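Written out below as structure tokens is the structure these notes cover.
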Amino acid sequence: MSNTPDTPDLIGSLLARAAAGDRDAAAEFEAIRRQRAQISEILNRSARAAAWRMISRTEPEPSR
């Protein structure tokens, strides 16, 4: 089992506590959600950049 702070068990626990009115749990869950969104955006940008690099290598240069 993983020791990462955002395991499914922890996320579920935070959501349950937040639903019960625990503001600290809600804040912790939101922080994890924001961090995951940032990581996802970084990975998406990297994937797009890699795709453009691959396309630019295979496509002929445009005529001028």
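Keep in mind that this is a model prediction, so the values were computed, not measured. Hydrogens, waters and symmetry mates play no part in the numbers below; they use all other heavy atoms, side chains included. Residue numbers start at 1 and run along the sequence shown.
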Backbone of D9 reached by a side-chain donor or acceptor of S13 within 3.5 Å
no

For R23, the side-chain contact (heavy atoms from CB on, under 4.5 Å) test, sequence neighbours excluded, returns none

Q.
Is there a side chain to side chain contact (heavy atoms under 4.5 Å, CB included) between D22 and L14? Walk through the geometry before answering.
A. CA-CA 9 Å; D22 184 336; L14 289 173; over 6 Å; no

So salt bridge (charged side-chain N to carboxylate O under 4.0 Å, His left out) across residues 37-51, not counting sequence neighbours, yields E41-R45, E41-R48

Going by chain and number, the hydrophobic cluster around I42 (ILVMFWY, side chain to side chain under 4.5 Å) further includes none

In this structure, CZ of F29 is separated from CZ of R34 (nearest 0.5 Å) by 11.0 Å

CZ of R33 to CG of L15, rounded to nearest 0.5 Å, is 11.5 Å

Hits for side-chain contact (heavy atoms from CB on, under 4.5 Å) against I39, two or more places apart or cross-chain, chain-then-number order -> Q35, L43

Between A18 and A25, the two heavy atoms sitting closest are N-CB, 4.0 Å

